[in-house]
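A quick write-up on the structure given underneath.
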Amino acid sequence: MTENASNFLRTIISDDLKSGKHETIVTRFPPEPNGFLHIGHAKAICVNFGLAQEFQGQTNLRFDDTNPEKEEQAYIDAIEEDIRWLGFDWNGKVKFTSDYFDTLYEYALHLIKNGNAYVCDLSAEQMREYRGSLTEPGKNSPNRDRSVDENLELFEKMKNGEFDEGACSLRAKIDMASPNINLRDPIIYRIRKVHHHQTGDKWCIYPSYDFAHGQGDAQEGVTHSLCSLEFEDHRPLYEWFLNNLPVPSKPRQIEFARLNVNYTVTSKRKLKKLVDESVVAGWDDPRMPTIAGMRRRGVTPASIRKFIDMSGISRAVGTVVDLGMLDAAIRDDLNDNAPRAMAVLKPLKVVLTNLPEGHHEMVTQPEHPQKPELGEREIPFSREIYIDQEDFNEDSTLSKKKFKRLVPGDYVRLRGAYIIKAEEFSKDADGNVVEIKATIVEGSLGANVDGIKPRGVIHWVSVEHGVPATIRVYDRLFNHPTPDKGDNDFMDHINPDSLQIIEGCIVEPSLMMAEPEQSFQFEREGYFVADRYEHSPNHLVFNKTIGLRDVWERSV
RNA sequence: UGGUCCGUCGCCAAGUGGUAAGGCAACGGGUUUUGAUCCCGUCAUUCGCAGGUUCGAAUCCUGCCGGACCAGCCA
């Protein structure tokens with residue numbers, strides 16, 4: 001994550017610094033506090049904060065709060081938490097576009113005085129008609145040529161609440177025939193008689209995004225205003241305001257492609273529907289592509305950053321990054337950092353008959369096989385152990401190549417302990433194997449034994465010492481790579497088996513010490529995290545973050 | 001069919017006139033008390049297509065094809 005592959009944003013910034021256009025750069029992350037952050041926002045965060053960090057600049061967090069009826073304080077808090085969790089911190093205090101409402105109002109007056117803005121009485125519907133279409137020019141508003149004085153007076157009345165919502169609006173006077181619809185006299189102030197979460201009841205007129213954003217950037221000395229491709233058509237307008245207003249600086253807007261990942265959806269509306277219709281348990285359900293959901297799933301901040309870095313930045317539209325790339329980033333981080341442990345998801349009892357009744361001893365295993373500096377842990381071993389049901393097959397003719405686990409009459413290594421040989425097994429009335437009798441090979445603890453070649457290595461937990469746990473296994477939420485593209489209704493492509501709750505798992509006792517949100521690799525199973533909210537020493541609950549890479553499973 | 005942008009390996013992505021980086025995936029092989037990790041190797045005579053300019057083009061020009069976005073008093 002330090003190679004810094006070349007991309008057009010890095011090139012622009014580095015050129016601006018070299019040429020002396022800027023001595024230092026300032027970027028900003030401008031979320032609207034009207035929903036939870038998701039993987040797509042993670043890219044915007046990593047790009048804005050990451051680039052600034054790389055070039056020793058600053059990044060402002062500025063809530064773009066120009067539409068109070070959709071926004072809430074709760075979202076502000078959640079967004080701040082998500083950004084911090086991702087590992088970033090902003091420059092100074094949190095900022096709000098509403099911090100500049102006074103200035104923006106002055107700017108509107110400035111435009112009016114210069115004949116660059118007018119109060120328009122057209123209704124929303126009329127305005128749509130006057131706007132024209134993609135192929136036809138629009139028509140001028142009948143109010144377009146009002147005098148400066150009249151506009152000043154009307155705008156004053158708008159501000160004072162003398163008009164109803166929708167009765168009129170303030171528009172920039174640009175060009176109703178422009179091929180760019182954003183330039184056809186866009187609305188810059190509208191009447192909204194609602195309480196604002198930051199400014200209270202001070203205002204009943206609010207600036208539009210287009211009017212507020214660039215001016216907010218200019219107030220803060222933002223040098224590079226990075227946004228997504230859909231704002232490309234707004235850039236001429238962004239620049240028009242900057243050129244017609246006495247702004248303190250001239251930021252540059254640069255667009256880049258947003259992140260799309262397959263097998264998921266990221267639109268706020270769709271995510272909300274999943275929550276509202278109880279397809280998932282909430283915004284932070286581990287199957288959700290939200291930052292909070294991924295966090296709950298056990299995805300680490302480092303792996304998200306790595307993923308964003310891997311997937312790159314470009315202006316190519318309609319690209320879809322393979323979820324497998326996120327998986328790779330997660331495994332990469334967790335493999336390096338997660339301590340190992342043993343957990344049996346579907347227990348099958350094995351009695352070691354050549355060990356005396358009540359026998360038990362401690363065996364030691366490193367916390368991490370490639371990192372001895374992380375220390376060791378002690379694991380109790382005894383005469384009765386559990387192995388996973390899937391690690392035994394009664395068909396002893398299975399080849400060693402095909403099944404590297406326990407079969408009757410053959411040997412297998414118990415990870416960190418002895419080699420054992422399955423002698424016999426018993427079944428219940430339904431034909432399920434319920435118990436295996438096996439023997440340990442003397443001298444095989446921590447050593448190989450001449451002439452005995454175990455088929456493989458399996459994990460285990462002592463019956464007497466094992467601790468029960470609940471383990472939740474997640475699969476992708478959708479069974480279609482692009483659930484909301486084209487004619488697809490994303491609700492038709494929900495994977496009915498995206499959640500499996502396994503009760504009665506038995507895990508090694510050291511896991512009783514696990515803290516919520518601590519990640520482990522359960523050997524041979526995958527990466528798991530102690531649930532952020534429901535895990536406790538009295539009730540162990542782990543969420544499966546992702547399985548180990550498994551070439552064998554694919555060939556079956 | 002108006003405007004803007006984009007098309008480089010299955011996926012992402014460098015490259016900006018000098019003869020196709022890298023990552024993910026895949027496929028071989030080695031190490032291994034995790035079928036993991038790690039290591040080694042293979043994987044675009046070709047850059048949406050067709051012409052043109054040039055000693056030389058993925059990079060420049062022309063035309064065509066395909067995709068994305070824009071007609072909220074949303075951001």
Side-chain angles (χ1 to χ4, degrees), chain A residues 3 5-8 11 30-32 34 64 66-67 69-70 120 122-124 127-128 131-138 165-171 178-184 186-192 205-206 208-210 212-213 227-236 255 257 259 262 268 307 309-329 331-332 335-336 340 342 365 368-370 401-405 412-417 419 444 446-448 454 456-459 521-526 547-555:
Chain A
E3 275 82 69
S6 144
N7 68 53
F8 77 104
T11 304
E32 182 184 14
N34 70 345
D64 220 338
T66 56
N67 191 5
E69 56 206 320
K70 288 188 176 175
C120 178
L122 256 25
S123 69
M127 210 173 284
R128 197 178 319 120
R131 190 153 37 226
S133 73
L134 293 178
T135 52
E136 300 155 328
E165 282 191 14
C168 55
S169 58
L170 185 69
R171 296 224 258 167
S178 172
N180 182 342
I181 293 179
N182 295 119
L183 262 21
R184 317 240 265 229
I187 286 179
I188 60 181
Y189 258 99
R190 70 283 210 210
I191 301 170
R192 280 284 176 284
I205 55 172
Y206 293 96
S208 64
Y209 162 84
D210 284 309
H213 202 88
C227 61
S228 51
L229 251 20
E230 68 257 39
F231 291 103
E232 202 165 348
D233 293 339
H234 295 246
R235 194 171 62 230
E255 313 85 19
L259 172 68
N262 59 14
K268 247 167 231 173
F307 168 62
D309 197 60
M310 280 166 78
S311 55
I313 307 167
S314 77
R315 290 176 58 85
V317 294
T319 58
V320 182
V321 176
D322 196 321
L323 236 205
M325 219 189 271
L326 208 211
D327 294 346
R331 289 195 183 104
D332 194 56
N335 176 56
D336 271 357
R340 314 282 122 129
M342 292 197 286
Q365 275 288 278
H368 191 295
Q370 280 83 39
K401 180 96 176 151
K402 219 177 164 190
F403 193 71
K404 301 168 81 165
R405 310 176 184 191
V412 87
R413 159 75 67 182
L414 293 180
R415 165 121 259 226
I419 293 173
S444 64
N448 290 324
V457 180
I458 64 173
H459 56 99
Q521 184 198 100
F522 290 169
E523 290 192 288
R524 300 209 313 130
E525 290 289 354
L548 259 22
R549 189 165 161 271
D550 188 352
V551 292
W552 176 72
E553 194 173 60
R554 283 199 292 262
S555 64

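Worth knowing before you read on, the calculation uses all heavy atoms, side chains too, and leaves out hydrogens, waters and symmetry mates. In what follows, chains are A, B, ... by sequence order, proteins preceding strands, each numbered from 1. Please read all numbers here as calculations on a predicted model, not as lab measurements.
- Partners of A:His459 by ring pair (Phe, Tyr, Trp, His ring centres under 6.0 Å), not counting sequence neighbours: none found.
- Within 6.0 Å of NZ on A:Lys268 lie more than 12 heavy atoms contributed by other residues, nucleotides or ligands.
- The side-chain contact (heavy atoms from CB on, under 4.5 Å) test applied to A:Ile181 returns A:Arg131, A:Leu134, A:Arg184, not counting sequence neighbours.
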At a cut-off of 3.5 Å, list every protein nitrogen or oxygen paired with a nitrogen or oxygen from nucleotides 30-32 of chain B, distance to 0.1 Å.
none

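- Looking at heavy-atom distances under 4.0 Å, A:Gln370 makes contact with a base.
- Rounded to whole Å, atom P of B:G72 lies 11 Å from atom CE of A:Met127.
- Partners of A:Asp336 according to the salt bridge (charged side-chain N to carboxylate O under 4.0 Å, His left out) rule, which considers only residues two or more places apart in sequence or in another chain, do not exist here.
- For the OP1/OP2 pair of B:G3 and a distance below 4.0 Å, the side-chain nitrogens and oxygens of A:Arg184 include no atom meeting the criterion.
- Taking the O4'-C1'-N9-C4 or O4'-C1'-N1-C2 dihedral as appropriate, B:G67 has a value more than 90° from 0 and is therefore anti.
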Check: protein-nucleotides 14-16 of chain B nitrogen or oxygen pairs below 3.5 Å:
| unit_1 | atom_1 | unit_2 | atom_2 | d |
| --- | --- | --- | --- | --- |
| B:A14 | OP1 | A:Ile313 | O | 2.8 |
| B:A14 | O3' | A:Ser6 | OG | 2.8 |
| B:G15 | OP1 | A:Ser6 | OG | 2.4 |

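- Under 3.5 Å, the side chain of A:Arg549 and the base of B:G35 form no donor-acceptor pair of N or O atoms.
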Reading RNA chain B 5' to 3', how would its secondary structure be written in dot-bracket notation, given Watson-Crick and G-U pairs with both distances under 3.5 Å, brackets [ ] for crossing pairs and | for partners on other strands? .(((((((.[[[..)..(...]]].(((((.......))))).....[[[[[..)....]]]]])))))).....
